Number of protein chains: 2
Amino acid sequence: MKISNTVEWAIHCCTLLAGLPEDVNLSAKDLAEYHGVPHPYLAKALQMLSNDGILKTISGPKGGYRLASKPDSVSLLDIVLSIEGNDSCFGCEEIRQQGPTALKRSLSYKRPCLIASAMWKAENVWRAELEKVKLTHLVDQVKVEADPRQMKKTQEWLNDKYNSK
Amino acid sequence: MKISNTVEWAIHCCTLLAGLPEDVNLSAKDLAEYHGVPHPYLAKALQMLSNDGILKTISGPKGGYRLASKPDSVSLLDIVLSIEGNDSCFGCEEIRQQGPTALKRSLSYKRPCLIASAMWKAENVWRAELEKVKLTHLVDQVKVEADPRQMKKTQEWLNDKYNSK
DNA sequence: TTAATTGCGGATATAATTTATCCGTGATAG
DNA sequence: CTATCACGGATAAATTATATCCGCAATTAA
């Protein structure tokens, strides 16, 4: 029951992009450099986000990624599901239909297993909580809580990137 | 982000044991046979439940497992955490402290990362939902919803086990 | 048009984890 | 004393996660 750390990378990338002006984009290499993570592997995560319509791709020189839609319409859930896939984390293998006391007819098991239902209900609550958190909220919170010195360094780093293009 | 299927096995085992009289116990082999799952591997899961005080062990011939406490004091969360461990499913690697814009002093990052906080909050909601579901509820629901024919077969199977000892 | 840059997708290699089994030890009922 | 059973360690196989590389298509600047 562990979430891939590429999810963390993806959320950080999206949050960074969400705070940028709409006409600015960053390449996979830029994003990897900014976050100090391996470029080729991060690129895979960005590809998934792009395939799922969360990021927009600009190819060619000066190309890269930007947010495909408004930051308030992208939730943490969108990003998590894009990277992890939207299969349920609990897979019911219907073991109630195994063993010596099981019934032959699968018709007897029309309703879902109660145990699986309980697990799925909890997962839905988790998803709903992640759905609530939009990129806008994260961007706003960062502006308030982050160290002003890092904000400044980030702005300078972005300017450098932008000017060198 | 996938939960081990031994969690499913463990919950089914605990639910079965929760429905039994207090002085009855089932061996790992019995539980494996009942659920149609491999015995040596299920035994590992039962050991974990035993170590975490969810199941009580009776060793020697006629030994096995029974619930260590009342069914209404054991929740799905207890079982899930016993098998999966109680580490958070989201591991924050503090990537905000990596890259060219990070600050040298780790004092600047006293508050937890906002992204991690959001993920952890969702996980806490998930845990709270699982905490609500006690084995009592599952046992009661099974009595109402399960096919009477399977209940009868189960009773007969249990009687066989009990009489042969 | 050409050269350079960038994302895309497939193939592949390595690391880590999960899944599964086995065996020796200690406990206990008959 | 013997057969049964849980326990814990060791180990092996299978699956998944992590990471990299390369050729291709798209795009831009010179």
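A note on names: the letters A, B, ... follow the listed sequences, proteins ahead of strands, and every chain is numbered from 1. Treat the numbers as computed from the prediction; the structure is a model and nothing was measured.
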Can you confirm whether the side chains of A:Glu129 and B:Trp126 place a donor and an acceptor under 3.5 Å from each other?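 No, no side-chain donor-acceptor pair sits under 3.5 Å.
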
Residue whose closest nucleotide on DNA chain C lies nearer the 5' end, A:Ser50 versus B:Trp9: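 The residue mapped nearer the 5' terminus is A:Ser50.
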
Examine C:dT19: is either OP1 or OP2 under 4.0 Å from a nitrogen or oxygen in the side chain of B:Tyr41? Give yes or no. yes

Common cluster, [X]/[Y], ILVMFWY with side-chain heavy-atom separation under 4.5 Å:
| X | Y | answer |
| --- | --- | --- |
| B:Ile79 | A:Val125 | no |
| B:Met48 | B:Leu81 | yes |
| A:Trp9 | A:Leu17 | yes |

A:His12 vs A:Tyr34 side-chain heavy atoms within contact, under 4.5 Å: no

Any side-chain heavy atom of B:Ile115 within less than 4.5 Å of one from B:Cys92?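 The answer is no, as the side chains (C-beta and beyond) never meet within the 4.5 Å cut-off.
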
Kindly determine whether B:Glu131 and B:Arg127 satisfy salt bridge (charged side-chain N to carboxylate O under 4.0 Å, His left out), including the steps that lead there. CA-CA 6 Å; B:Glu131 176 79 61; B:Arg127 290 192 178 205; over 6 Å; no

In this structure, how many angstroms lie between the [atom2] atom of [N] and the [atom1] atom of [X], rounded?
| X | N | atom1 | atom2 | value |
| --- | --- | --- | --- | --- |
| A:Leu26 | C:dT5 | CG | C1' | 15 Å |
| A:Met1 | D:dA17 | CE | P | 15 Å |
| A:Met48 | D:dT18 | CE | P | 10 Å |
| A:Tyr65 | C:dT5 | OH | P | 18 Å |
| A:Lys161 | C:dT5 | NZ | P | 13 Å |
| B:Leu42 | D:dC7 | CG | P | 12 Å |
| A:Leu55 | C:dC8 | CG | P | 9 Å |
| B:Glu8 | C:dT18 | CD | C1' | 16 Å |

Got a sec? Which of residues 78-88 of chain B come in under 4.0 Å of DNA chain D, heavy atoms?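 Contacting residues: none.
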
Would you say the side-chain atoms of A:Asp140 pair up with the backbone N or O of A:His137, donor to acceptor, closer than 3.5 Å?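 Side chain of A:Asp140 to backbone of A:His137: no pair is present.
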
More than 12 heavy atoms of other residues, nucleotides or ligands under 6.0 Å from NZ of B:Lys153: yes or no?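 Yes, the 6.0 Å shell around NZ holds more than 12 heavy atoms from other groups.
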
Around atom CD of B:Glu145, are there more than 12 heavy atoms of other residues, nucleotides or ligands at under 6.0 Å? yes

Just one of A:Arg66, A:Lys70, A:Lys56 clears the salt bridge (charged side-chain N to carboxylate O under 4.0 Å, His left out) bar with A:Glu22, so which one? A:Lys70

Counting the atoms with a prime plus P, OP1 and OP2 as sugar-phosphate, which does [X] contact under 4.0 Å by heavy atoms, base, sugar-phosphate, or nothing?
| X | value |
| --- | --- |
| A:Pro38 | sugar-phosphate |
| A:Ala28 | sugar-phosphate |
| B:Ser4 | sugar-phosphate |

A:Lys29 with A:Glu33: basic N within carboxylate O range, under 4.0 Å: no

For every nucleotide of nucleotides 9-17 of chain C, 5' to 3': is a protein heavy atom under 4.0 Å from its base (B), only from its sugar-phosphate (S), or from neither (-)? BB-------

With the sugar-phosphate defined as primed atoms, P, OP1 and OP2, and the base as all remaining atoms, what B/S/- string results for nucleotides 24-30 of chain D, 5' to 3', for protein heavy atoms under 4.0 Å? --BBBS-

Measure from the side chain of B:Lys29, starting at C-beta and using heavy atoms only, and say which of C:dT21, C:dG7, D:dC5 lies closest. D:dC5

